[in-house]
Amino acid sequence: MSELQPFVITAAPLDPVPLVQFVLTPSDGAVVTFAGVARDNFGGRPTAFLSYEAYAEMAIGVLEQLADEARTRWPIGRVAVHHRVGRLEIGETAVLVVVAAPHRQAAFAAAEYIMDRIKEVAPIWKQEHWADGAVEWRE
Amino acid sequence: MSELQPFVITAAPLDPVPLVQFVLTPSDGAVVTFAGVARDNFGGRPTAFLSYEAYAEMAIGVLEQLADEARTRWPIGRVAVHHRVGRLEIGETAVLVVVAAPHRQAAFAAAEYIMDRIKEVAPIWKQEHWADGAVEWRE
Amino acid sequence: MINVQVRFFAGHRDIVGRSALLVELEPGTSLGVLWRMLSEQYPRLAAYTGRILFARNQEFADPATLLVDGDEVSFIPPVSGGAR
Amino acid sequence: MINVQVRFFAGHRDIVGRSALLVELEPGTSLGVLWRMLSEQYPRLAAYTGRILFARNQEFADPATLLVDGDEVSFIPPVSGGAR
(Lines give C-alpha, C1' and ligand atoms only; values in the text may rest on other atoms or scores of the structure.)
Protein backbone atom coordinates (compact mmCIF):
# COMPACT_ATOMS: atom_id res chain seq x y z
CA MET A 1 0.00 0.00 0.00
CA SER A 2 3.02 2.27 0.29
CA GLU A 3 2.45 3.71 -3.18
CA LEU A 4 -1.12 4.82 -2.47
CA GLN A 5 -1.61 8.55 -2.87
CA PRO A 6 -4.07 9.96 -0.31
CA PHE A 7 -5.37 12.80 -2.52
CA VAL A 8 -6.13 11.89 -6.09
CA ILE A 9 -8.12 13.12 -9.09
CA THR A 10 -8.56 10.27 -11.54
CA ALA A 11 -10.58 9.09 -14.51
CA ALA A 12 -10.38 5.49 -13.24
CA PRO A 13 -13.12 3.82 -11.16
CA LEU A 14 -12.71 4.35 -7.42
CA ASP A 15 -12.13 1.53 -4.93
CA PRO A 16 -12.50 2.19 -1.20
CA VAL A 17 -10.63 -0.92 -0.04
CA PRO A 18 -7.04 0.35 -0.46
CA LEU A 19 -8.03 3.74 0.99
CA VAL A 20 -9.38 2.15 4.17
CA GLN A 21 -6.20 0.07 4.46
CA PHE A 22 -4.13 3.21 3.95
CA VAL A 23 -5.82 5.34 6.60
CA LEU A 24 -6.04 2.71 9.33
CA THR A 25 -3.33 2.62 11.98
CA PRO A 26 -3.26 0.47 15.16
CA SER A 27 -4.44 3.34 17.37
CA ASP A 28 -7.61 3.95 15.32
CA GLY A 29 -10.94 2.61 16.49
CA ALA A 30 -13.06 4.11 13.73
CA VAL A 31 -12.98 4.50 9.97
CA VAL A 32 -15.72 6.45 8.22
CA THR A 33 -16.01 6.08 4.45
CA PHE A 34 -18.21 8.43 2.47
CA ALA A 35 -19.04 7.50 -1.11
CA GLY A 36 -20.73 10.09 -3.30
CA VAL A 37 -22.53 8.20 -6.02
CA ALA A 38 -24.08 9.22 -9.35
CA ARG A 39 -27.82 8.94 -8.84
CA ASP A 40 -30.63 8.60 -11.31
CA ASN A 41 -32.43 11.88 -10.67
CA PHE A 42 -32.07 15.36 -9.28
CA GLY A 43 -35.14 16.83 -7.68
CA GLY A 44 -37.16 14.16 -9.43
CA ARG A 45 -35.88 14.98 -12.94
CA PRO A 46 -34.33 11.85 -14.48
CA THR A 47 -30.58 11.82 -15.08
CA ALA A 48 -28.95 9.73 -17.81
CA PHE A 49 -25.37 10.08 -16.61
CA LEU A 50 -22.97 12.59 -15.06
CA SER A 51 -19.63 13.95 -16.05
CA TYR A 52 -17.09 15.58 -13.76
CA GLU A 53 -14.30 17.95 -14.65
CA ALA A 54 -11.53 19.17 -12.34
CA TYR A 55 -8.76 21.71 -12.22
CA ALA A 56 -6.74 18.72 -11.15
CA GLU A 57 -3.39 20.32 -10.32
CA MET A 58 -5.15 22.76 -8.00
CA ALA A 59 -7.80 20.37 -6.67
CA ILE A 60 -5.24 17.98 -5.18
CA GLY A 61 -3.78 20.80 -3.11
CA VAL A 62 -7.25 21.92 -2.03
CA LEU A 63 -8.14 18.40 -0.87
CA GLU A 64 -4.96 18.32 1.22
CA GLN A 65 -5.88 21.68 2.73
CA LEU A 66 -9.38 20.51 3.60
CA ALA A 67 -7.95 17.47 5.39
CA ASP A 68 -5.66 19.81 7.33
CA GLU A 69 -8.64 22.03 8.23
CA ALA A 70 -10.43 18.97 9.61
CA ARG A 71 -7.34 17.94 11.54
CA THR A 72 -7.29 21.29 13.35
CA ARG A 73 -10.91 20.74 14.42
CA TRP A 74 -11.04 17.09 15.46
CA PRO A 75 -8.54 14.51 16.74
CA ILE A 76 -8.32 12.37 13.63
CA GLY A 77 -5.69 10.19 12.03
CA ARG A 78 -5.08 9.74 8.34
CA VAL A 79 -7.40 11.01 5.61
CA ALA A 80 -7.74 9.98 1.97
CA VAL A 81 -9.88 11.64 -0.70
CA HIS A 82 -10.15 10.30 -4.24
CA HIS A 83 -12.33 12.12 -6.76
CA ARG A 84 -13.22 10.82 -10.16
CA VAL A 85 -13.51 12.84 -13.37
CA GLY A 86 -15.01 12.03 -16.75
CA ARG A 87 -18.24 10.22 -17.51
CA LEU A 88 -19.96 8.39 -14.65
CA GLU A 89 -22.86 6.03 -15.10
CA ILE A 90 -25.64 5.91 -12.51
CA GLY A 91 -24.40 3.99 -9.46
CA GLU A 92 -20.73 4.77 -10.02
CA THR A 93 -18.76 6.45 -7.26
CA ALA A 94 -17.73 10.06 -7.90
CA VAL A 95 -15.86 10.70 -4.65
CA LEU A 96 -14.52 8.78 -1.68
CA VAL A 97 -13.70 10.52 1.61
CA VAL A 98 -12.11 8.17 4.13
CA VAL A 99 -11.16 9.26 7.66
CA ALA A 100 -9.63 7.22 10.46
CA ALA A 101 -9.64 8.32 14.09
CA PRO A 102 -9.22 6.88 17.56
CA HIS A 103 -12.94 7.53 18.24
CA ARG A 104 -15.94 7.56 15.98
CA GLN A 105 -17.38 11.00 16.70
CA ALA A 106 -14.30 12.72 15.28
CA ALA A 107 -14.22 10.43 12.25
CA PHE A 108 -17.88 11.14 11.42
CA ALA A 109 -17.57 14.89 11.95
CA ALA A 110 -14.37 15.20 9.93
CA ALA A 111 -15.64 13.11 6.99
CA GLU A 112 -18.83 15.15 6.75
CA TYR A 113 -16.93 18.41 7.11
CA ILE A 114 -14.44 17.51 4.38
CA MET A 115 -17.25 16.51 2.02
CA ASP A 116 -19.18 19.72 2.72
CA ARG A 117 -16.06 21.76 2.04
CA ILE A 118 -15.30 19.87 -1.18
CA LYS A 119 -18.74 20.91 -2.41
CA GLU A 120 -18.00 24.50 -1.41
CA VAL A 121 -14.50 25.12 -2.70
CA ALA A 122 -12.80 22.23 -4.48
CA PRO A 123 -12.38 23.11 -8.18
CA ILE A 124 -14.35 20.11 -9.40
CA TRP A 125 -17.50 20.53 -11.47
CA LYS A 126 -20.42 18.26 -12.12
CA GLN A 127 -22.31 18.24 -15.39
CA GLU A 128 -25.77 16.73 -15.36
CA HIS A 129 -26.75 14.90 -18.51
CA TRP A 130 -30.52 14.76 -18.19
CA ALA A 131 -32.46 11.84 -19.58
CA ASP A 132 -34.23 14.25 -21.97
CA GLY A 133 -30.87 15.10 -23.58
CA ALA A 134 -30.28 18.47 -21.93
CA VAL A 135 -26.86 19.11 -20.44
CA GLU A 136 -26.19 21.44 -17.53
CA TRP A 137 -23.32 22.39 -15.25
CA ARG A 138 -24.43 22.15 -11.61
CA GLU A 139 -23.48 25.47 -10.07
CA MET B 1 -26.03 -10.28 -3.76
CA SER B 2 -29.60 -11.47 -3.29
CA GLU B 3 -28.56 -13.75 -0.44
CA LEU B 4 -26.91 -11.03 1.62
CA GLN B 5 -28.50 -10.57 5.03
CA PRO B 6 -28.57 -6.93 6.14
CA PHE B 7 -28.36 -7.63 9.89
CA VAL B 8 -25.84 -10.23 10.92
CA ILE B 9 -23.89 -11.39 13.97
CA THR B 10 -20.96 -13.52 12.84
CA ALA B 11 -17.63 -14.93 13.93
CA ALA B 12 -16.27 -14.48 10.39
CA PRO B 13 -14.21 -11.46 9.28
CA LEU B 14 -16.32 -8.57 8.01
CA ASP B 15 -16.16 -7.23 4.46
CA PRO B 16 -17.78 -3.89 3.60
CA VAL B 17 -17.84 -4.40 -0.17
CA PRO B 18 -20.96 -6.59 -0.44
CA LEU B 19 -22.75 -4.43 2.13
CA VAL B 20 -22.19 -1.29 0.09
CA GLN B 21 -23.41 -3.11 -3.02
CA PHE B 22 -26.46 -4.29 -1.10
CA VAL B 23 -27.53 -0.90 0.25
CA LEU B 24 -26.99 1.12 -2.93
CA THR B 25 -29.98 1.73 -5.22
CA PRO B 26 -30.11 4.00 -8.29
CA SER B 27 -31.78 6.85 -6.37
CA ASP B 28 -29.01 7.03 -3.75
CA GLY B 29 -26.34 9.70 -3.99
CA ALA B 30 -24.55 8.84 -0.75
CA VAL B 31 -23.29 5.77 1.08
CA VAL B 32 -21.71 6.14 4.51
CA THR B 33 -19.77 3.17 5.88
CA PHE B 34 -18.70 3.12 9.50
CA ALA B 35 -16.12 0.54 10.55
CA GLY B 36 -15.48 0.04 14.25
CA VAL B 37 -12.02 -1.42 14.58
CA ALA B 38 -10.12 -3.11 17.41
CA ARG B 39 -7.47 -0.64 18.48
CA ASP B 40 -4.26 -1.10 20.39
CA ASN B 41 -5.08 0.86 23.52
CA PHE B 42 -7.86 2.24 25.63
CA GLY B 43 -7.17 5.49 27.42
CA GLY B 44 -3.49 4.85 26.77
CA ARG B 45 -3.45 1.38 28.37
CA PRO B 46 -2.17 -1.16 25.81
CA THR B 47 -4.60 -3.77 24.54
CA ALA B 48 -3.47 -7.19 23.28
CA PHE B 49 -6.75 -8.18 21.60
CA LEU B 50 -10.53 -7.95 22.05
CA SER B 51 -13.28 -10.45 22.21
CA TYR B 52 -16.94 -9.80 21.56
CA GLU B 53 -19.92 -11.78 22.72
CA ALA B 54 -23.54 -11.31 21.64
CA TYR B 55 -27.02 -12.45 22.54
CA ALA B 56 -27.20 -13.08 18.84
CA GLU B 57 -30.86 -14.10 18.44
CA MET B 58 -31.93 -10.89 20.17
CA ALA B 59 -29.21 -8.63 18.77
CA ILE B 60 -30.28 -9.18 15.16
CA GLY B 61 -33.78 -7.95 15.99
CA VAL B 62 -32.36 -4.98 17.89
CA LEU B 63 -30.19 -3.97 14.91
CA GLU B 64 -33.29 -4.09 12.68
CA GLN B 65 -35.14 -1.89 15.19
CA LEU B 66 -32.30 0.64 15.30
CA ALA B 67 -32.35 0.90 11.49
CA ASP B 68 -36.10 1.49 11.68
CA GLU B 69 -35.59 4.19 14.32
CA ALA B 70 -33.13 5.93 11.99
CA ARG B 71 -35.56 5.63 9.11
CA THR B 72 -38.23 7.53 11.06
CA ARG B 73 -35.75 10.37 11.65
CA TRP B 74 -34.01 10.80 8.29
CA PRO B 75 -34.87 10.08 4.64
CA ILE B 76 -32.56 7.15 4.10
CA GLY B 77 -32.58 4.07 1.92
CA ARG B 78 -31.24 0.66 2.83
CA VAL B 79 -29.21 -0.10 5.93
CA ALA B 80 -26.89 -3.01 6.71
CA VAL B 81 -25.21 -3.76 10.03
CA HIS B 82 -22.81 -6.65 10.50
CA HIS B 83 -21.24 -7.26 13.91
CA ARG B 84 -18.49 -9.68 14.62
CA VAL B 85 -18.12 -11.87 17.71
CA GLY B 86 -15.22 -13.89 19.08
CA ARG B 87 -11.56 -12.93 19.21
CA LEU B 88 -10.44 -9.87 17.23
CA GLU B 89 -6.84 -8.91 16.68
CA ILE B 90 -5.83 -5.25 16.63
CA GLY B 91 -6.89 -3.70 13.31
CA GLU B 92 -9.75 -6.13 12.69
CA THR B 93 -13.24 -4.76 12.12
CA ALA B 94 -15.74 -5.39 14.91
CA VAL B 95 -18.77 -3.73 13.32
CA LEU B 96 -19.86 -2.29 9.99
CA VAL B 97 -22.77 0.14 9.73
CA VAL B 98 -23.62 0.99 6.12
CA VAL B 99 -26.35 3.47 5.18
CA ALA B 100 -27.43 4.64 1.73
CA ALA B 101 -29.53 7.75 1.15
CA PRO B 102 -30.42 10.16 -1.63
CA HIS B 103 -28.37 12.88 0.12
CA ARG B 104 -25.31 12.73 2.30
CA GLN B 105 -26.50 14.58 5.39
CA ALA B 106 -29.13 11.92 6.12
CA ALA B 107 -26.67 9.10 5.48
CA PHE B 108 -24.09 10.57 7.89
CA ALA B 109 -26.64 11.32 10.59
CA ALA B 110 -28.30 7.92 10.39
CA ALA B 111 -25.04 5.96 10.41
CA GLU B 112 -23.78 7.83 13.47
CA TYR B 113 -27.14 7.47 15.20
CA ILE B 114 -27.30 3.72 14.59
CA MET B 115 -23.76 3.26 15.88
CA ASP B 116 -24.46 5.34 19.00
CA ARG B 117 -27.59 3.29 19.68
CA ILE B 118 -25.75 0.00 19.16
CA LYS B 119 -23.37 1.07 21.91
CA GLU B 120 -26.33 1.93 24.13
CA VAL B 121 -28.69 -1.00 23.75
CA ALA B 122 -27.57 -3.80 21.42
CA PRO B 123 -26.86 -6.93 23.49
CA ILE B 124 -23.25 -7.21 22.34
CA TRP B 125 -20.39 -7.07 24.81
CA LYS B 126 -16.73 -6.25 24.42
CA GLN B 127 -14.03 -7.84 26.51
CA GLU B 128 -10.72 -6.06 26.68
CA HIS B 129 -7.69 -8.33 26.91
CA TRP B 130 -5.03 -5.96 28.17
CA ALA B 131 -1.43 -6.36 27.17
CA ASP B 132 -0.55 -7.00 30.83
CA GLY B 133 -2.77 -10.09 30.82
CA ALA B 134 -5.77 -8.65 32.65
CA VAL B 135 -9.21 -9.28 31.16
CA GLU B 136 -12.19 -6.97 31.59
CA TRP B 137 -15.72 -6.60 30.25
CA ARG B 138 -16.24 -3.04 29.02
CA GLU B 139 -19.42 -1.89 30.71
CA MET C 1 -45.59 -23.16 38.78
CA ILE C 2 -44.00 -21.93 35.57
CA ASN C 3 -40.62 -22.66 34.04
CA VAL C 4 -38.53 -19.85 32.62
CA GLN C 5 -35.13 -20.02 30.99
CA VAL C 6 -32.70 -17.27 32.05
CA ARG C 7 -29.73 -16.56 29.78
CA PHE C 8 -26.60 -14.90 31.12
CA PHE C 9 -24.01 -13.00 29.10
CA ALA C 10 -20.66 -11.32 29.65
CA GLY C 11 -20.09 -10.25 33.26
CA HIS C 12 -23.32 -11.92 34.38
CA ARG C 13 -22.26 -15.27 32.99
CA ASP C 14 -18.92 -14.93 34.77
CA ILE C 15 -20.75 -14.33 38.07
CA VAL C 16 -23.34 -17.07 37.70
CA GLY C 17 -20.85 -19.47 36.15
CA ARG C 18 -23.39 -20.65 33.59
CA SER C 19 -24.82 -19.27 30.36
CA ALA C 20 -28.38 -20.34 31.19
CA LEU C 21 -30.52 -21.47 34.11
CA LEU C 22 -33.96 -23.03 34.11
CA VAL C 23 -35.90 -21.53 37.03
CA GLU C 24 -39.26 -22.54 38.48
CA LEU C 25 -41.40 -19.59 39.53
CA GLU C 26 -44.80 -18.81 41.02
CA PRO C 27 -47.27 -17.83 38.30
CA GLY C 28 -47.46 -14.03 38.17
CA THR C 29 -43.79 -13.44 38.87
CA SER C 30 -42.52 -10.33 37.07
CA LEU C 31 -39.19 -9.81 35.33
CA GLY C 32 -38.21 -7.33 38.04
CA VAL C 33 -39.01 -9.77 40.83
CA LEU C 34 -37.02 -12.51 39.12
CA TRP C 35 -34.05 -10.14 38.93
CA ARG C 36 -34.33 -9.46 42.65
CA MET C 37 -34.44 -13.18 43.37
CA LEU C 38 -31.33 -13.79 41.26
CA SER C 39 -29.51 -10.85 42.90
CA GLU C 40 -30.12 -12.46 46.28
CA GLN C 41 -28.91 -15.82 45.03
CA TYR C 42 -25.84 -14.30 43.34
CA PRO C 43 -25.01 -11.19 45.39
CA ARG C 44 -22.46 -9.87 42.85
CA LEU C 45 -25.34 -9.45 40.40
CA ALA C 46 -26.90 -6.87 42.75
CA ALA C 47 -24.22 -4.35 41.73
CA TYR C 48 -25.87 -4.27 38.30
CA THR C 49 -29.29 -3.22 39.61
CA GLY C 50 -30.30 -0.01 37.83
CA ARG C 51 -27.79 -0.57 35.05
CA ILE C 52 -29.42 -3.45 33.22
CA LEU C 53 -32.01 -3.74 30.48
CA PHE C 54 -34.71 -6.39 30.74
CA ALA C 55 -35.48 -8.77 27.90
CA ARG C 56 -38.25 -11.32 27.48
CA ASN C 57 -38.36 -13.65 24.50
CA GLN C 58 -35.49 -11.74 22.85
CA GLU C 59 -37.17 -8.35 23.02
CA PHE C 60 -36.79 -5.49 25.45
CA ALA C 61 -39.46 -5.59 28.14
CA ASP C 62 -40.59 -3.60 31.14
CA PRO C 63 -39.52 -5.01 34.52
CA ALA C 64 -43.23 -5.17 35.45
CA THR C 65 -43.85 -7.73 32.69
CA LEU C 66 -45.40 -10.89 34.11
CA LEU C 67 -43.66 -14.05 33.01
CA VAL C 68 -45.43 -17.08 31.59
CA ASP C 69 -44.38 -20.67 31.26
CA GLY C 70 -41.75 -21.19 28.58
CA ASP C 71 -40.45 -17.62 28.50
CA GLU C 72 -36.80 -16.95 27.74
CA VAL C 73 -35.52 -13.99 29.74
CA SER C 74 -32.26 -12.14 30.05
CA PHE C 75 -30.89 -9.24 32.05
CA ILE C 76 -28.69 -7.25 29.72
CA PRO C 77 -25.57 -5.95 31.43
CA PRO C 78 -24.22 -2.60 30.18
CA VAL C 79 -23.17 -3.08 26.58
CA SER C 80 -19.77 -2.52 25.03
CA GLY C 81 -18.98 1.02 26.01
CA GLY C 82 -16.07 3.16 25.10
CA ALA C 83 -15.72 6.73 24.00
CA ARG C 84 -17.76 7.95 21.08
CA MET D 1 3.99 43.99 -20.21
CA ILE D 2 3.45 40.65 -18.48
CA ASN D 3 2.05 37.41 -19.82
CA VAL D 4 -0.46 35.43 -17.78
CA GLN D 5 -2.14 32.14 -18.61
CA VAL D 6 -5.86 32.02 -17.80
CA ARG D 7 -7.45 28.59 -17.48
CA PHE D 8 -11.19 28.13 -17.95
CA PHE D 9 -13.28 25.28 -16.61
CA ALA D 10 -16.86 24.05 -16.81
CA GLY D 11 -19.34 26.81 -17.69
CA HIS D 12 -16.55 29.34 -18.20
CA ARG D 13 -14.84 27.16 -20.79
CA ASP D 14 -18.16 26.78 -22.59
CA ILE D 15 -18.54 30.58 -22.72
CA VAL D 16 -14.98 31.36 -23.76
CA GLY D 17 -14.77 28.38 -26.09
CA ARG D 18 -11.24 27.57 -24.96
CA SER D 19 -9.69 25.94 -21.92
CA ALA D 20 -6.87 28.47 -21.70
CA LEU D 21 -5.88 31.92 -22.95
CA LEU D 22 -2.53 33.65 -22.85
CA VAL D 23 -3.17 37.31 -22.06
CA GLU D 24 -0.80 40.25 -22.13
CA LEU D 25 -1.35 42.71 -19.27
CA GLU D 26 0.03 45.95 -17.88
CA PRO D 27 2.36 45.25 -14.94
CA GLY D 28 0.41 45.76 -11.71
CA THR D 29 -2.84 44.33 -13.01
CA SER D 30 -4.76 42.57 -10.24
CA LEU D 31 -6.74 39.33 -10.42
CA GLY D 32 -9.95 41.31 -9.95
CA VAL D 33 -9.14 43.71 -12.78
CA LEU D 34 -8.32 40.81 -15.09
CA TRP D 35 -11.72 39.29 -14.28
CA ARG D 36 -13.42 42.58 -15.17
CA MET D 37 -11.52 42.74 -18.46
CA LEU D 38 -12.56 39.20 -19.34
CA SER D 39 -16.18 39.90 -18.36
CA GLU D 40 -16.22 42.78 -20.82
CA GLN D 41 -14.68 40.64 -23.55
CA TYR D 42 -17.05 37.69 -22.82
CA PRO D 43 -20.23 39.32 -21.48
CA ARG D 44 -21.77 36.02 -20.38
CA LEU D 45 -18.95 35.69 -17.85
CA ALA D 46 -20.24 38.81 -16.09
CA ALA D 47 -23.17 36.81 -14.70
CA TYR D 48 -20.64 34.96 -12.55
CA THR D 49 -19.30 38.10 -10.86
CA GLY D 50 -19.66 37.66 -7.09
CA ARG D 51 -20.01 33.88 -7.41
CA ILE D 52 -16.46 32.93 -8.34
CA LEU D 53 -13.33 32.12 -6.39
CA PHE D 54 -10.00 33.51 -7.57
CA ALA D 55 -6.95 31.32 -8.01
CA ARG D 56 -3.35 32.22 -8.80
CA ASN D 57 -0.74 29.55 -9.42
CA GLN D 58 -3.19 26.85 -8.34
CA GLU D 59 -3.97 28.37 -4.98
CA PHE D 60 -6.86 30.51 -3.80
CA ALA D 61 -5.98 34.19 -3.90
CA ASP D 62 -7.53 37.53 -3.09
CA PRO D 63 -8.88 39.51 -6.07
CA ALA D 64 -6.51 42.34 -5.07
CA THR D 65 -3.50 40.10 -5.77
CA LEU D 66 -1.19 41.71 -8.32
CA LEU D 67 -0.19 39.43 -11.14
CA VAL D 68 3.35 38.85 -12.28
CA ASP D 69 4.78 37.54 -15.51
CA GLY D 70 4.24 33.78 -15.90
CA ASP D 71 1.34 33.46 -13.48
CA GLU D 72 -1.34 30.86 -14.08
CA VAL D 73 -4.73 32.15 -13.01
CA SER D 74 -8.24 30.81 -12.95
CA PHE D 75 -11.67 32.05 -11.98
CA ILE D 76 -13.40 29.16 -10.27
CA PRO D 77 -17.08 28.97 -11.19
CA PRO D 78 -19.40 27.63 -8.47
CA VAL D 79 -18.44 24.04 -7.79
CA SER D 80 -20.61 20.99 -8.07
CA GLY D 81 -23.58 21.80 -5.94
CA GLY D 82 -26.48 19.65 -5.00
CA ALA D 83 -28.33 19.08 -1.77
CA ARG D 84 -26.37 17.97 1.26
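Residue numbers begin at 1 in each chain, while the letters A, B, ... track the order of the sequences. Because the structure is predicted, anything quoted here is derived from the model rather than measured.
When the candidates D/F60, D/F9, D/Y48 are compared by the number of heavy-atom contacts under 4.5 Å with chain A, D/F9 comes out ahead. Contact tally against chain A (heavy-atom pairs below 4.5 Å) for D/S74, D/P77, D/A55: the top residue is D/P77.
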List, one per line, each side-chain donor-acceptor pair under 3.5 Å for residues 10-29 of chain D, sequence neighbours excluded.
from, atom 1, to, atom 2, distance (Å)
D/H12, ND1, D/F75, O, 3.2
D/R13, NH1, A/E53, OE1, 2.8
D/R13, NH1, A/E53, OE2, 2.4
D/R13, NH2, A/E53, OE1, 3.1
D/D14, OD2, A/W137, NE1, 2.7
D/R18, NE, D/A20, O, 3.4
D/T29, OG1, D/E26, O, 2.6

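A cation-pi arrangement is found for A/R78 relative to A/F22, the charged atom lying closer than 6.0 Å to the ring centre and inside a 45° cone about the ring normal.
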Q) So A/T47 and A/W130, side chain to side chain donor-acceptor pair (under 3.5 Å) or not? Walk me through it. A) CA-CA 4 Å; A/T47 300; A/W130 301 107; over 6 Å; no

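Counted by atom type alone, D/D62 and D/T65 present zero donor-acceptor pairs between their side chains at under 3.5 Å.
Residues of residues 55-62 of chain A lying under 4.5 angstrom from chain D, judged on non-hydrogen atoms, are A/Y55, A/E57, A/M58, A/V62 by number.
Of all heavy-atom pairs spanning A/I118 and D/V79, the tightest one is O-CG2, 3.9 Å.
Within a 6.0 Å sphere centred on CD of D/E59, other residues, nucleotides and ligands contribute 12 heavy atoms or fewer.
Screening A/K126, A/H129, A/R87 for a side-chain hydrogen bond (donor to acceptor under 3.5 Å, both in side chains) involving A/S51 leaves a single residue, A/H129.
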